[in-house]
Amino acid sequence: MKMLEDRIRKDGIVREGNVLKVDSFINHQMDPMLMRLIAEEFVKRFSDVEINKIMTIEASGIAPAIMVGYLMQLPVVFAKKKEPKTMRHALTTTVHSFTKDREYPVSISGEYLNSKDHILCIDDFLANGNAALGMYDLIQQAGAHLSGMGFIIEKKFQHGAGSVDEKLQTCDFKKMVFTKLLAPLNIKVEYIYVLCDWFKKDCYNDVLEYIRAKNCYYFYNEIPLTQLSL
Ligand code: 5GP
């Protein structure tokens with residue numbers, strides 16, 4: 001969703017530990033107009049599945065969930081972070097918090113989640129998927145059906161080989177094409193990769209050797225300004 005991507009670029013702040021702060025429009029101050037557009041997108045994407053209830057985990061999932069529930073005209077239920085003493089037929093699970101790096105229990109009443117339910121889960125972030133797994137556990141305990149899950153922002157991490165791997169083998173061709181394109185302007189082309197520590201693993205030795213053999217370069221973690229004469 002272009003509008004959301006633009007807003008993240010404009011107002012999002014990246015903090016240590018892979019945390020994206022979106023406090024000015026999602027997690028603290030909220031932008032209901034943007035939230036509505038996001039909810040409309042969810043409604044569109046889940047229009048062909050059977051849903052009778054929206055589910056989330058407090059607190060930051062509540063705003064998008066309620067907007068989706070409002071548009072779909074469906075009830076919204078949220079798992080509570082502390083089991084209130086008054087909760088009847090409580091179903092409980094444990095979730096690992098990405099931002100606080102600790103476990104916490106979440107509970108939902110069996111009165112509001114049961115075997116007749118077809119659930120759409122909505123939350124603000126999908127990071128490692130622990131909150132999602134917690135919601136799925138509660139749904140299973142209730143004997144309910146999971147119809148779908150929607151997240152405003154998905155964060156991608158590289159825990160395994162990824163699409164960059166293929167790009168490491170294309171420096172030779174790219175350098176040739178750019179050299180051809182820029183030749184009329186008399187601009188010299190160098191092809192340089194800026195890699196993170198992930199690529200220091202032994203399994204990348206051959207491809208790094210290939211890059212060097214093709215007179216291309218790679219650096220780790222920073223743009224080589226001196227190399228670029230900047
Ligand atoms: P997960 O359970 O998928 O690992 O993490 C998702 C939960 O952690 C979300 O409900 C969200 O509240 C929180 N979270 C994860 N990553 C971020 C982040 O980068 N920024 C913020 N604000 N919350 C995050």
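As the structure lists them, so they are numbered: ligands from 1, and atoms in each ligand from 1.
Contact annotation: for Asn27 versus ligand 1, heavy atoms closer than 4.0 Å belong to the side chain alone. Residue contacts with ligand 1, taken as heavy atom pairs separated by less than 4.0 Å, involve Ala131 via backbone and side-chain atoms alike.
Looking at His96 next to ligand 1, no N or O pair under 3.5 Å apart turns up. Looking at ligand 1, you won't find any N or O of Thr99 less than 3.5 Å from one of its N or O atoms. The shortest N or O to N or O distance between Phe98 and ligand 1 is not below 3.5 Å.
We find that Lys44 and Glu40 are not joined by a salt bridge, their nearest charged nitrogen and carboxylate oxygen being 4.0 Å or further apart. A salt bridge links Lys188 to Glu190: one of the charged nitrogens lies within less than 4.0 Å of a carboxylate oxygen.
In this structure, the protein non-hydrogen atom closest to atom 5 (O) of ligand 1 is Ala127 CB, 3.5 Å. Nearest protein heavy-atom contact of atom 11 (C) of ligand 1 is Asp124 OD1, 3.4 Å. In terms of protein heavy-atom proximity, atom 7 (C) of ligand 1 is nearest to Phe125 O, 4.2 Å.
When all heavy atoms are compared, the tightest approach of Cys121 to Leu146 is SG-CD1, 3.8 Å. Closest heavy-atom contact between Leu91 and Ala142: CD1-CB, 3.6 Å. Minimum heavy-atom separation, Ile192 to Pro224: CG2-CG, 4.0 Å.
Within the 4.0 Å heavy-atom cutoff, Leu126 counts among the residues contacting ligand 1. Residue contacts with ligand 1 leave out Lys21, since none of its heavy atoms falls under 4.0 Å from the ligand. Under the 4.0 angstrom criterion for non-hydrogen atoms, Asn18 is in contact with ligand 1.
The atoms of ligand 1 that sit less than 4.0 Å from any heavy atom of Asn128 are 1 (P), 3 (O), 4 (O). Per-residue contacts place Ser60 under 4.0 angstrom from the following atoms of ligand 1 (heavy atoms of the residue considered): 12 (O). Ligand-side atoms of ligand 1 in range of Leu20: 18 (C), 19 (O), 20 (N), 21 (C), 22 (N), range being under 4.0 angstrom from any heavy atom. Applying the 4.0 Å criterion to heavy atoms of Asp123 picks out, from ligand 1, the atoms 10 (O). Below 4.0 Å from some heavy atom of Gly129 lie the following atoms of ligand 1, by number and element: 1 (P), 2 (O), 3 (O), 4 (O). Shown in contact with Lys155 at under 4.0 Å from a heavy atom are these atoms of ligand 1, numbered in order with element: 16 (N), 17 (C), 18 (C), 19 (O).
Judged by distance alone, with hydrogens and angles left aside, the side-chain atoms of Lys53 form a donor-acceptor pair with the main-chain N or O of Tyr112 at under 3.5 Å. The backbone N or O of Met3 sits nowhere less than 3.5 Å from a side-chain atom of Asp6 that would complete a donor-acceptor pair. Between the Ser97 side chain and the Arg102 main chain, no donor and acceptor come within less than 3.5 Å of each other. Between the side chain of Lys175 and the main chain of Asn215, a donor-acceptor pair closer than 3.5 Å is present.
Between His145 and His118, the ring-plane angle classifies as tilted under the 30° and 60° cut-offs.
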### Task
Run the numbers on Arg212 and Glu209 for salt bridge (Lys or Arg N to Asp or Glu O under 4.0 Å), then give the verdict.
CA-CA 5 Å; Arg212 290 193 301 267; Glu209 191 185 321; 5.1 Å; no
